[in-house]
Amino acid sequence: MPELPEVETMARDLHKRVRGRTVVGVTVHKPDVLRGATPRKLQRVLVGRRIVRVWRRAKLAVIDFDSGARVAVQPRFTGSFVVERSGRGADQYCTLHLALDDGRRLHYRDVRRLGTFQLFTPKEFEAYVSKLGPEPLEAGFTGDWLYELLQRSIRPVKPLIMDQHRLAGVGNIYASEALWRAKIDPSRSARTVSRKEAELLRDAIVSVLGESIELRGTTIRDYAEGAFADKLDAYNRAGEPCRRCGTRIVLTHAIDGRATYFCPRCQR
DNA sequence: AATCGTTCCTGATAGC
DNA sequence: TGCTATCAGGAACGAT
């Protein structure tokens, strides 16, 4: 399930492969992944346009075109990109593709189709991203800023740091990991987190995301890239010993109905 | 304004 | 063996 490190990896890889290419055709097989455009409109807006950059914001892979148009892809669970020479490498899960001027095709592939492929004008894109929280790997994300955010909410700290409108890019895996590193119980009301703990949590979020990007993300279930799965301390380790204290890691669904992994002894 | 419940989708898995 | 039921999960949306 792609979160910030996985989408960063997807965007960097795609940038290297398609930057500078011009779209010569658009084919949509599964229109339900489209947002903001019909297949006809997508074709009208993108054909003849050159891809100038592929980058990431929050958990979105963003494709910039020379006209200023942008496509934001939300892979959610099973979305991915496939770039191939016409004919080979595509399957029934490829929902749409952009034909490129060098004969290759850029496919958006999505088994469950909970992901989205959204066309924006520059103004629409700006309005959308302005509602997202800050990027945790950029300068504004400090311990003081996080402390102030946590102070304003009575919600459990884990869903709060996963709220994309508060902080961008952190999902279920890295929330569990960061809280384990910071020794904070995921169910604690956000406002009970001290300034010192907020500083530790900030550092944990930055370090876990950075280390995962270096390993190209976490391969678990749907997302099939990256070696960070071996480095997980909490997520997906139910019943296994905590690497700090040896206590068995607990899996609970009591917080927002989401799988949450934590050490009941050293996370307080 | 903040928070909560519902919905989208299909492969993998469990249970009979 | 082959069927059915259950589960996973991010975020938009409507309701409170």
Side-chain angles (χ1 to χ4, degrees), chain A residues 1-11 28-37 56-62 71-80 82 91-96 108-120 124-125 127-136 148-178 186-193 205 209 212 217-224 229 232 234-239 251-262:
Chain A
M1 38 191 123
E3 302 179 25
L4 187 155
E6 291 76 26
V7 180
E8 180 72 28
T9 302
M10 292 168 63
V28 179
H29 302 290
K30 306 279 187 180
D32 59 347
V33 304
L34 281 183
R35 297 292 185 281
R56 180 197 59 76
R57 172 78 168 97
K59 301 177 200 170
L60 306 171
V62 184
V71 164
V73 176
Q74 286 196 5
R76 300 275 179 97
F77 309 106
T78 53
S80 65
V82 176
D91 61 20
Q92 75 267 34
Y93 302 118
C94 289
T95 63
L96 61 85
Y108 175 56
R109 180 177 186 272
D110 194 340
V111 174
R112 273 181 233 164
R113 302 205 309 281
L114 290 175
T116 58
F117 191 99
Q118 183 156 10
L119 178 67
F120 287 101
E124 288 167 344
F125 183 79
Y128 183 85
V129 300
S130 71
K131 293 177 188 152
L132 296 171
E135 285 291 320
E148 297 300 327
L149 174 72
L150 298 180
Q151 280 294 295
R152 296 198 301 271
S153 175
I154 63 169
R155 294 167 73 189
V157 59
K158 177 169 174 268
L160 193 73
I161 62 174
M162 290 170 61
D163 183 339
Q164 300 302 295
H165 298 288
R166 316 301 182 106
L167 179 64
V170 176
N172 209 30
I173 295 174
Y174 298 104
S176 280
E177 289 303 300
S187 67
R188 273 175 56 191
S189 174
R191 68 160 53 146
T192 71
V193 175
I205 290 169
L209 293 176
S212 183
T218 299
T219 298
I220 263 182
R221 262 170 240 127
D222 306 319
Y223 182 79
L232 295 174
Y235 193 87
N236 219 27
R237 293 194 69 240
L251 165 62
T252 177
H253 287 85
I255 308 168
D256 261 21
R258 306 293 308 281
T260 297
Y261 299 83
F262 70 106

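Each chain gets a letter, A, B and so on, in the order its sequence line appears, and its residues count up from 1.
- Taken from CD1 in A:Ile173 to CG in A:Leu209, the straight-line distance is 11.0 Å, to the nearest 0.5 Å.
- Minimum interatomic distance between A:Val129 and A:Arg57 (heavy atoms only, all atoms of both residues): O-NH2, 3.5 Å.
- Put simply, A:Tyr93 has no side-chain N or O that comes within less than 4.0 Å of OP1 or OP2 on B:dT10.
- Considering only residues two or more places apart in sequence or on other chains, A:Ala127 meets the side chain to side chain contact (heavy atoms under 4.5 Å, CB included) condition with none of them.
- Taking the side chain to side chain donor-acceptor pair (under 3.5 Å) definition, one finds that A:Glu8 meets it with A:Arg12, A:Arg56, sequence neighbours left out.
- For the pair A:His165 NE2 and C:dA11 C1', the interatomic distance rounds to 7 Å; values are reported in whole Å.
- Every residue two or more places apart in sequence or in another chain that forms a ring-ring contact (aromatic ring centres under 6.0 Å, His included) with A:Phe120 is listed here: A:Phe125, A:Tyr128.
- A:Thr192 pairs by the side chain to side chain donor-acceptor pair (under 3.5 Å) definition with A:Arg188, not counting sequence neighbours.
- Atom NZ of A:Lys131 and atom P of B:dA2 are 15 Å apart (whole Å).
- A close approach under 4.0 Å does occur between a side-chain nitrogen or oxygen of A:His253 and OP1 or OP2 of C:dA8.
- A:Phe77 places its CZ atom 12 Å from the P atom of C:dA12, with the value rounded to the nearest Å.
- Considering only residues two or more places apart in sequence or on other chains, A:Glu124 meets the salt bridge (charged side-chain N to carboxylate O under 4.0 Å, His left out) condition with none of them.
- Scanning for side chain to side chain donor-acceptor pair (under 3.5 Å) contacts around A:Ser176 gives an empty result, with sequence neighbours left out.
- The CZ atom of A:Arg109 sits 14 Å away from the P atom of B:dT10 (whole-angstrom rounding).
- Distance, A:Gln74 CD to C:dA11 P: 6 Å, rounded to whole Å.
- A:Ile154 is linked by a side chain to side chain contact (heavy atoms under 4.5 Å, CB included) to A:Ser189, A:Arg191, counting only residues two or more places apart in sequence or in another chain.
- Comparing C:dG9, C:dA11, B:dG11 by their nearest atom to the side chain of A:Gln164 picks out C:dA11.
- Scanning for side chain to side chain contact (heavy atoms under 4.5 Å, CB included) contacts around A:Thr95 gives A:Lys30, A:Val33, A:Tyr108, A:Asp110, A:Arg113, with sequence neighbours left out.
- Overall, the helix from B:dA2-C:dT16 to B:dC16-C:dG2 carries an axis bend of 40° between its ends, with five pairs at each end and the value rounded to 10°.
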What N/O pairs connect the protein and nucleotides 12-15 of chain B at under 3.5 Å? Give each pair on its own line.
none

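- Between A:Tyr128 and C:dA11 there is no side-chain polar atom (N or O) within less than 4.0 angstrom of OP1 or OP2.
- Scanning for side chain to side chain donor-acceptor pair (under 3.5 Å) contacts around A:Arg166 gives A:Asp163, with sequence neighbours left out.
- Atom pair A:Asp163:CG and B:dA2:C1' shows a separation of 10 Å (rounding to whole Å applied).
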Could you encode protein contacts along nucleotides 3-9 of chain B as a string, one character per nucleotide from 5' to 3', using B for base contact, S for sugar-phosphate-only contact and - for no contact, with a heavy-atom cut-off of under 4.0 Å? S----BB
